[in-house]
Structure formats: C-alpha cells, structure tokens
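The block underneath contains the structure these notes are about, expressed in structure tokens.
Numbered from 1 within each chain, the chains take letters A, B, ... in sequence-line order. Keep in mind the model is a prediction, meaning the values are calculated, not measured.
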2 protein chains.
Amino acid sequence: MEFEKIADIFKALADPTRLKILSLLRTRDCCVCELVPIFKISQPAISKHVSRLKTAELVRETRKGQWVFYSINEKRLEEIGYALSHLPDLTEELRKLEQQGLTVTCE
Amino acid sequence: MEFEKIADIFKALADPTRLKILSLLRTRDCCVCELVPIFKISQPAISKHVSRLKTAELVRETRKGQWVFYSINEKRLEEIGYALSHLPDLTEELRKLEQQGLTVTCE
DNA sequence: AAACCATATAACCATATTGTTATTTGTATA
DNA sequence: TATACAAATAACAATATGGTTATATGGTTT
C-alpha cells in the first residue's frame, strides 16, 4: 500500500470520537441514532464520522428499514497493523543518497 | 490507553511524509540534513515532522556533534497494533443506553 | 397522500495542520 | 574569535478538520 493510502486510513483513526465508535461497534452493530446520545455532539456530526470510517472501509453499513446499522470491518483493522510493519521499503532512496555523496558519517 | 492518547499517536502517523520518514529510519538512523534531499519540502518542515514523531515517542534523537540522528522506536509501533486490538471497552455505555430505552431493535 | 422519523448533505465557522521564509541556537573549525 | 553548518523556532499563509444549524432524502406509518 502507498504511503498516501496508509496515511488516509490513519487519518480516519486519528480522532477520539471515531475510535470510540469503533470500540462500540466491536460490542455490537449500532445505528446513528443509538450513537448520538452516547456522544455530546449533533446527529450530523456523528453521521459524518461514520461516513469517514466507511470511506476508510473500517465499517460497513446495512439499511434495516429506516435505520442504517454500522458494523466493524475487523479485516481492515488487521490490515493496518500489517501495513505498519510492512511500510514500502526505501533502502533504494538511501542508496541514491549515498551515490550523491549526501550521506553523513561521523565516528 | 485513553481514546484521546491513542488518537494522538494515530495523528502522528496520519501523514505520508512522516510514514516515509519512519520507513527510512527502519533501514538506518538518519539526521535531518539527510532527510531533506529525499523530500520536496524545506528543512524546517522536516524538522517539524521529526519533532512530531518524537513527541509521539515514535522516534528517539541522539546528538552526534553538529548532527542530530533520529532512530525508530519499534516498541512504540508495536504498542499501536496492541492499542487498536484492545481499545477501551464500552459495553457499559451500551448497557446504560438499553436501560434508558434508547436501543433500537428491528427484526 | 400526509406526517413522521432516521440519516445524509449543504453552508458555514473556529481551530488545527502543514507548508513557507526569516531568524536563532548549538556545535565545529579556520 | 569569527565563520560556517545543522537543526530548531517564530511568524505567517493556505488548506483540512470537526463542529454547528438548516434542509433534503429515504423509508415507514396513519
């Protein structure tokens, strides 16, 4: 995965409200109207947060009548840990730097 | 770890430049002046990025003469994967919601 | 069809983020 | 001591983020 894409997923996780939503969804699927009274923010704010999580594929949505239930995508969460330990390798960049004589050695 | 604190660590990771710096540091320790020619941004910009990584304890710094070398803190990176799979449990919040009759059941 | 409820979107505002250039601080060296 | 280089900090600008209220959309119910 590219640095940009990995950063986008981390951006989706870089907010306490969204992390809390993910934790709640781990206990059970929830709809927006259940999440609203748990947080001290408006319904549109919650709606935008879950939408951000959906774009990052961290949650999925299922409409049930007038409600939209959100569920956690555990596979995606596992992918993140993997991405962190397998960031694109940049050894080549450092080799180029060395060829240009831009490396610093001090001993 | 609190949601706020976890979010702060993810914020530090939520930028492609910082992720790239971490990847470079995985190959070997680098000083700021080595990082600058690799990226298309100014020295102060790089300096601020490594500073952000340092605040999040994702890197450590060691001064060697006029250079400051940065090294990756792999332990901290491992902590992140752990934090993600062990987010604070909110079952209690959902129980309260149920007591207030605010849960939605549709079947 | 009309009213109702849940959710999404629009328009907007305050603050945070990420870059810039100019300057300061710390260390080494002529 | 004066000069030079590395890195950090200050002041600032453009854009992104996260909240608000008002409104639109989708589906249910009377």
* If you check every side-chain atom of B/R52, which of C/dT20, C/dT7, C/dT18 has the closest atom? ->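 The answer is C/dT18.
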* To do: State, yes or no, whether a side-chain contact exists between A/I21 and A/C30 at a heavy-atom distance under 4.5 Å.
  =>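 Result no, sub-4.5 Å side-chain heavy-atom pair not found.
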* Asked: Do A/L25 and A/S71 have side-chain heavy atoms sitting under 4.5 Å apart?
  ->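 In short, these two side chains do not touch, never coming nearer than 4.5 Å.
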* Is the closest basic N to carboxylate O distance between A/K75 and A/E78 below 4.0 Å? ->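 Looking at A/K75 and A/E78, the cut-off is not met.
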* Salt bridge flag under 4.0 Å for residues A/E74 and A/R26 ->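 Yes.
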[atom1] of [X] versus [atom2] of [N]: gap in Å, rounded?
| X | N | atom1 | atom2 | result |
| --- | --- | --- | --- | --- |
| B/F3 | D/dG18 | CZ | P | 16 Å |
| A/F39 | D/dG18 | CZ | C1' | 14 Å |
| B/L35 | C/dG19 | CG | P | 13 Å |
| A/Q66 | D/dG27 | CD | P | 11 Å |
| B/F69 | C/dT27 | CZ | C1' | 14 Å |
| A/E34 | C/dT7 | CD | C1' | 14 Å |
| B/K64 | D/dA7 | NZ | P | 13 Å |
| A/L102 | D/dC5 | CG | C1' | 15 Å |

Would you name the heavy atoms of [X] and [Y] that are closest together and state the gap between them?
| X | Y | value |
| --- | --- | --- |
| B/V32 | B/I46 | CG1-CG2, 3.9 Å |
| A/K11 | A/R18 | O-NH2, 3.1 Å |
| A/C31 | A/W67 | SG-CD1, 3.9 Å |
| A/V68 | A/E61 | CG1-CB, 3.8 Å |

* To do: Give a yes/no on whether any side-chain N or O of A/S42 is located under 4.0 angstrom from OP1 or OP2 of D/dT20.
  =>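 So the side chain of A/S42 is within the cut-off, an N or O lying under 4.0 Å from OP1 or OP2 of D/dT20.
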Identify the pairs formed between an N or O of the protein and an N or O of nucleotides 8-16 of chain C at a distance under 3.5 Å, and give each distance.
unit_1, atom_1, unit_2, atom_2, d
C/dA8, OP1, A/Y70, OH, 2.5
C/dA8, OP2, A/S47, OG, 2.7
C/dA8, N7, A/Q43, NE2, 2.9
C/dA8, N6, A/Q43, OE1, 3.3

* To the nearest 10 degrees, how far apart in direction are the end axes of the helix from C/dA1-D/dT30 to C/dA30-D/dT1, each fit to five base pairs? ->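 Taking five pairs per end, the axes differ by 10°.
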* Asked: B/E98 and B/R95: salt bridge (charged side-chain N to carboxylate O under 4.0 Å, His left out), yes or no, with the steps?
  -> CA-CA 5 Å; B/E98 205 168 333; B/R95 212 182 48 75; over 6 Å; no
